[in-house]
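Only one structure is covered here, and it is reproduced in the block below.
Order of appearance sets the numbers: ligands from 1, and atoms from 1 within every ligand.
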Amino acid sequence: MKIYNTLTRKKEEFVPIKEGKVSMYVCGPTVYNYIHIGNARPMVVFDTVRRYFEYKGYDVNYVSNFTDVDDKIIKKAMEENVDSSVISERFIEECKKDMEALNVKPATVHPKATEEIDGMIEMIQTLIDKGHAYPKNGSVYFRTRSFADYGKLSKKNIDDLEAGHRDIKVTGDEEKEDPLDFVLWKPKKEGEPAWKSPWSEGRPGWHIECSVMSKKYLGDSIDIHAGGEDLIFPHHENEIAQSEAANGVPFANYWMHNGFLNINNEKMSKSKGNFFTVREIGEKYPLQIIRFFMLSGHYRGPINFSEELVAAAKNGLDRILTCVNNLEHLYDHAKEAEITEDEMKLMDEYTALSKKFEEAMEDDFNTADAITAVFDMVKLSNLKITADNTKECIESVLGTIRVFCDILGIETKKEEEMLDSDIEALINERQQARKEKNFKRADEIRDMLLEKGIVLEDTREGVRFKRV
Ligand code: AMP
Ligand code: ZN
């Protein structure tokens, strides 16, 4: 399997640290608002990478953090006059709902920065002890020039960076030994959340979070560290400096970065205001379509979000889902008989397409080409599978298509029908809500059932339901 490694700017053969295992850290969102569809791109892309590893039989330890202490969260908490944890907890929950709707599997662990402060203090102390960091007026800074490999990921030359820095003055720069030094710990300002530390009551810098959470849950050296390409510098460069200076071993063997999701060829971002939240888009389209749209292009390239491209993704996805539906129908009515010679030959064609799918994925996760292989399977099925085929043959074709859709995170199974007992429980809850004059909840339940094709009728004997 080949992975493009940002560290070497080359596609390299993937060799795991421990045979059969993959340790992966993906930088997660700062939770001060709903995530936008740009933030969803790394989630979808690296979830697909994980799914492919799992398909290949690897045991994947997938860690993705929530940055739940940050200036933007504090600002929002001040605006709403609540504790900053109220904001972060709210948007962590909302983010998890969006991830589920995008069919992104929950990480093995989703650590939160605020719950890992002890580990951060420990690593900062190690860096001070080793001469890579120094305290100053309650802050602690990383001594950038003390790490000889600084710039190896972003390919930036430290002297050029220094020259660039001379013209921009940042607050706090005057207390640093060198403008290139970056903050590991900062003392609190009035009204900010803070933790006790040997240097001041304060909070950690952003970069130290990921170094510490990655070490705690995955170890000093990991297989893959990933995120959007905007994180290469300074975030990932600084993570490498901190981790390698503290631990004395290489931090991550493969660095993977997704390209931007653009709108009108400009990066979608909250600060530019040109963004759509996943929630808004989910009201317009099933989020499966957005997932499929994101995987239709190579993860390293930019993708432009437009109505036309989403419509094209919808058509493509519909083609796959219709084919699966037809195959299910054929399967239900197919004859039980021994698989025929011709069918065996047909199976070979599917095996060749499966190989094509795998080759695409093994070439730095080329999901665009992998999707083409699935389309080829769909074409073949539409052309060759009929009511005359055996159950065994149809089952095998269905199984193959399903496996590959599953790697892409595309759900092909119809929603399970609701059980009668679940419906009755909801009807009871609705009756109770009506009694309490909570008509909003009562209507919500009626609409929810209606969406699943269940109609309620008031009769003399009580409420009855029927499936339509
Ligand atoms: P943030 O909350 O800004 O730290 O972003 C969380 C993740 O989303 C990071 O991996 C970012 O690189 C990624 N990201 C943010 N905006 C975009 C975008 N427009 N396209 C792709 N990835 C993005
Ligand atoms: Zn990070």
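With a 6.0 Å cutoff to the six-membered ring centre and a 45° limit on the axis angle, Arg50 counts as a cation-pi contact of Tyr62. Both tests pass for Lys267 against the ring of Phe260: distance under 6.0 Å to the centre and angle within 45° of the axis. In this structure, Lys156 fails the cation-pi test against Tyr150, since its NZ or CZ atom is not both closer than 6.0 Å to the six-membered ring centre and inside 45 degrees of the ring normal.
In Glu239, the N, O or S atom that comes nearest to the Zn ion (ligand 2) is OE2.
Looking from atom 9 (C) of ligand 1 to the surrounding protein, the closest heavy atom is Leu231 CD1, 3.7 Å. Protein heavy atom at the shortest distance from atom 11 (C) of ligand 1 is Asp230 OD1, 3.5 Å. With hydrogens left out, the protein atom closest to atom 6 (C) of ligand 1 is Asn39 ND2, 3.7 Å, a heavy atom. With respect to atom 20 (N) of ligand 1, the closest heavy atom belonging to the protein is Leu261 N, 2.7 Å.
When Cys27, Gly38, Gly228 are ranked by how near their heavy atoms come to atom 22 (N) of ligand 1, first place goes to Gly38.
A side chain to side chain donor-acceptor pair (under 3.5 Å) check over residues 284-293, counting only residues at least two apart or in different chains, returns the pairs Asp47-Arg291, Thr48-Arg291, Lys284-Glu307, Tyr285-Glu307.
Distance alone, capped at 3.5 Å, places no donor-acceptor pair between the Lys314 side chain and the Ile289 backbone.
Put simply, the angle at the Zn ion (ligand 2) from SG in Cys210 to SG in Cys27 is close to 130°, to the nearest 10°.
Between the side chains of Thr6 and His257, at least one donor N or O sits under 3.5 Å from an acceptor N or O. With hydrogens and angles left out, the side-chain atoms of Glu237 and Ser154 include a donor and acceptor closer than 3.5 Å.
Residue Met268 approaches ligand 1 through these ligand atoms, each under 4.0 Å from one of its heavy atoms: 16 (N), 18 (C), 19 (N). Every atom of ligand 1 is numbered from 1 in the order shown, and the set under 4.0 Å from a heavy atom of Asn258 is 21 (C), 22 (N). Near Gly259, meaning under 4.0 Å from any of its heavy atoms, are these atoms of ligand 1: 21 (C).
Considering both main-chain and side-chain atoms, Thr30 comes within under 3.5 Å of ligand 1 through a nitrogen or oxygen pair.
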Apply the test ring pair (Phe, Tyr, Trp, His ring centres under 6.0 Å) to residues Phe251 and His225: give CA-CA distance (whole Å), side-chain angles for both, the deciding distance (0.1 Å), then the verdict.
CA-CA 9 Å; Phe251 181 31; His225 194 114; 5.3 Å; yes
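Between the Zn ion (ligand 2) and His207 there is no N/O/S contact shorter than 2.8 Å. The nearest N, O or S atom of His235 is closer to the Zn ion (ligand 2) than 2.8 Å.
Ring pair Phe182/Tyr141: centre-to-centre distance not below 6.0 Å.
Residue His36 places a heavy atom under 4.0 Å from ligand 1. Close to ligand 1: Pro42, with a non-hydrogen atom less than 4.0 angstrom away.
Residues passing the side chain to side chain contact (heavy atoms under 4.5 Å, CB included) test with Lys75 are Glu79, sequence neighbours excluded.
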